[in-house]
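One structure below.
Lettering follows sequence order; numbering is per chain, from 1.
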There are 2 protein chains.
Amino acid sequence: MGRTGTAPTRASRRSTGWTQDPQGVRRNIIDAARAEFVENGLSGARVDEIAARTATSKRMIYYYFGDKEGLYRAVLEEMYERIRSVERGLDLASLAPEEAMARLTAFTFDYHAGNPDFVRLVMVENIHHARHLETSDKIANLNLSVLDAIRDIYDRGVAEGLFRPGIEPLDVHLTISALSFYNVSNRASIRQVFGQDMGAEPLLSRRRTLAVEAVLRLLKA
Amino acid sequence: MGRTGTAPTRASRRSTGWTQDPQGVRRNIIDAARAEFVENGLSGARVDEIAARTATSKRMIYYYFGDKEGLYRAVLEEMYERIRSVERGLDLASLAPEEAMARLTAFTFDYHAGNPDFVRLVMVENIHHARHLETSDKIANLNLSVLDAIRDIYDRGVAEGLFRPGIEPLDVHLTISALSFYNVSNRASIRQVFGQDMGAEPLLSRRRTLAVEAVLRLLKA
DNA sequence: GACCAATTGAACTAGTCAGTACATTTATCA
DNA sequence: TGATAAATGTACTGACTAGTTCAATTGGTC
């Protein structure tokens with residue numbers, strides 16, 4: 001099987017070289033752990049299985065992350081950090097309100113569709129009542145910035161008479177998220193009950209278009 | 001703690017009386033199991049814990065359900081059957097299209113909000129790739145009938161010129177479900193990240209209203 | 001090249017948990 | 001009432017699994 005695609009980051013060490021590359025090992029473990037947690041949840045995941053997916057040993061997992069929950073928390077944080085960096089790529093403030101809202105929705109939809117691992121981890125975390133998000137401060141700021149972006153777009157839209165007033169940014173965000181999340185989170189049961197694969201192409205584009213339309217129509221004056 | 005509210009169904013036995021009431025025991029076990037599975041997922045649930053929640057013993061669980069998965073499957077089926085019976089209470093065919101669609105959406109929203117156990121079990125099942133739904137034929141028919149109801153309403157709406165044509169019933173259903181499901185399934189992480197409790201009243205009504213509006217506006221010509 | 005801290009390997013363990021063995025009770029029916 | 005089947009209680013076990021022990025190695029520093 002080989003290692004999970006994480007080339008050791010030789011640079012970014014203290015000052016001199018370092019061939020043992022603990023950062024690479026950490027990273028390698030997190031990647032393996034994410035795969036296992038995504039596949040089997042927190043309780044279902046087996047530390048030995050994670051170790052097997054790794055280029056290193058179980059011993060290292062405990063050395064770097066303390067225990068299973070510590071590893072899980074590290075996986076969660078790494079994932080949220082990744083989103084933050086991707087999200088910065090959007091430049092919504094410079095777009096017309098309608099265009100900006102459409103792009104945000106489409107982006108969110110695509111991100112969910114393209115990263116089912118993220119969706120499944122969030123599901124797992126919610127099953128556990130999000131009690132591992134409690135400890136992480138890294139996460140709160142991130143999502144609040146989404147609300148700021150939405151508020152900016154929405155306020156401009158209202159000012160131009162395009163959007164109707166009186167809607168909360170949080171409601172816009174929840175609507176977008178719901179329409180993006182559900183197809184991915186419930187893909188298995190949808191396939192089982194309706195015989196349709198929401199991850200395959202004809203349906204995917206259709207849902208994407210409808211998601212954007214739903215959000216815009218909900219906001220239009 | 002006492003038993004979980006399931007009074008033994010004395011009647012409905014073969015022909016004569018029967019004081020041992022195995023039906024009641026079965027039911028009692030299923031109730032206890034649902035609570036445990038909802039709380040901890042399939043892998044996280046402990047059979048001994050389920051037994052402890054029961055008025056009977058672990059021995060009975062294996063006697064009636066074979067193994068842990070068999071019990072889980074029984075809980076799933078019982079839950080879907082319950083929905084089916086509730087769903088029959090709606091009389092949508094006699095309502096005007098717009099009114100019917102609004103009522104269906106509001107009903108679906110309320111059902112999800114009022115039955116978080118259902119939502120969490122569906123999450124659990126999706127984490128496990130819905131592989132336990134495979135065996136159950138009981139479930140397929142049920143949800144397909146929802147599509148029929150939607151198609152009826154939608155077609156009438158299109159015929160009257162109220163709704164725009166070209167939308168699939170499945171898309172309507174997915175939109176309604178997404179907007180109803182997400183608030184409940186992700187309640188914990190939403191509270192953690194935004195500090196808002198989607199289960200509490202001011203927000204709940206707001207989301208309900210917006211869900212209905214979103215669906216209607218999506219369909220309107 | 002000796003000393004130190006970071007890093008790693010292999011085997012082990014204590015506890016947990018799904019599932020079982022076996023005996024016993026309860027009701028049915030002839 | 002006695003034979004038969006359904007239902008149940010107690011105690012146990014074998015496998016699994018998170019986490020550990022203890023020693024060894026590696027690279028850097030002086």
Side-chain angles (χ1 to χ4, degrees), chain A residues 3 6 8-30 32-33 35-37 39-75 124 128 132, chain B residues 3 6 8-30 32-33 35-37 39-75 124 128 132:
Chain A
R3 50 196 67 197
T6 35
T9 49
R10 177 62 69 94
S12 83
R13 294 301 305 136
R14 301 224 184 115
S15 50
T16 44
W18 184 269
T19 53
Q20 276 183 326
D21 189 28
Q23 299 292 334
V25 172
R26 261 187 84 96
R27 183 55 196 254
N28 180 232
I29 291 173
I30 285 187
E36 173 74 3
F37 284 130
E39 192 55 35
N40 302 312
L42 175 51
S43 337
R46 299 289 159 241
V47 176
D48 286 287
E49 183 55 33
I50 294 174
R53 293 182 194 240
T54 299
T56 177
S57 70
K58 180 161 73 158
R59 179 69 185 75
M60 289 296 94
I61 292 175
Y62 289 96
Y63 182 70
Y64 283 120
F65 301 100
D67 59 6
K68 191 183 176 182
E69 290 222 342
L71 175 57
Y72 174 76
R73 228 175 294 124
V75 169
V124 169
H128 291 271
H132 305 92
Chain B
R3 48 197 67 192
T6 35
T9 49
R10 177 63 67 95
S12 83
R13 294 301 305 140
R14 299 217 185 122
S15 51
T16 45
W18 183 270
T19 54
Q20 277 184 327
D21 189 28
Q23 299 292 335
V25 173
R26 258 188 87 96
R27 183 56 196 253
N28 181 230
I29 292 174
I30 287 187
E36 173 75 2
F37 284 131
E39 191 55 34
N40 302 312
L42 175 52
S43 337
R46 298 289 160 243
V47 176
D48 286 289
E49 183 55 33
I50 294 174
R53 293 182 194 241
T54 299
T56 176
S57 70
K58 180 160 74 158
R59 179 69 186 76
M60 287 298 95
I61 293 175
Y62 288 96
Y63 183 69
Y64 282 119
F65 302 99
D67 59 7
K68 190 183 177 183
E69 291 221 341
L71 176 56
Y72 174 77
R73 229 174 295 124
V75 169
V124 169
H128 292 271
H132 306 91

Would a 4.5 Å heavy-atom cut-off, applied to side chains only, mark A/Arg26 and A/Phe65 as touching? yes
side-chain contact (heavy atoms from CB on, under 4.5 Å) partners for A/Tyr63, two or more places apart: A/Arg59, A/Met60
Could you give me the stems involving DNA chain C, meaning stretches of three or more consecutive Watson-Crick or G-U wobble pairs whose two defining distances are both below 3.5 Å? C:1-30 with D:1-30
Quick one: B/Phe65 CZ to D/dA7 P, roughly how many Å, whole number? 12 Å
Distance, rounded to the nearest Å, where B/Ile50 contributes CD1 and C/dC17 contributes P: 12 Å
Between B/Ser57 and B/Ala51, which heavy-atom pair has the shortest distance, and what is it? C-CB, 4.2 Å
Within the structure, does a side-chain N or O atom of B/Tyr63 lie under 4.0 Å from either OP1 or OP2 of D/dT8? no
Output for pair (A/Arg53 CZ, A/Glu39 CD), nearest 0.5 Å, gives 7.0 Å
Looking at residues at least two apart in the chain, or sitting in another chain, which of them share a salt bridge (Lys or Arg N to Asp or Glu O under 4.0 Å) with B/Asp48? B/Lys58
Please give, in whole Å, the distance from D/dA7 P to B/Ile61 CD1? 16 Å
Minimum-distance nucleotide (side-chain atoms of B/Ser57 versus C/dT8, D/dG9, D/dA7): D/dG9
Scoring nucleotides 18-24 of chain C by protein non-hydrogen atoms under 4.0 Å (B base, S sugar-phosphate only, - none) yields BBBBB--
Expressed in angstrom and rounded to an integer, what is the separation of B/Met60 atom CE from D/dG9 atom P? 6 Å
A/Asn28 CG to C/dT8 C1', straight-line distance once rounded to whole Å: 14 Å
Roughly how far, to the nearest 0.5 Å, is CD1 of B/Ile61 from CD1 of B/Ile30? 11.0 Å
Roughly, in whole Å, what's the span from CZ in A/Arg26 to P in C/dA6? 15 Å
Residue pair A/Glu49 / A/Asn40, side-chain heavy-atom distance below 4.5 Å: no
A/Ala45: side-chain contact (heavy atoms from CB on, under 4.5 Å) partners, not counting sequence neighbours: A/Glu36, A/Phe37, A/Lys68
To the nearest 0.5 Å, tell me how far A/Asn28 CG sits from A/Tyr64 OH. 11.0 Å
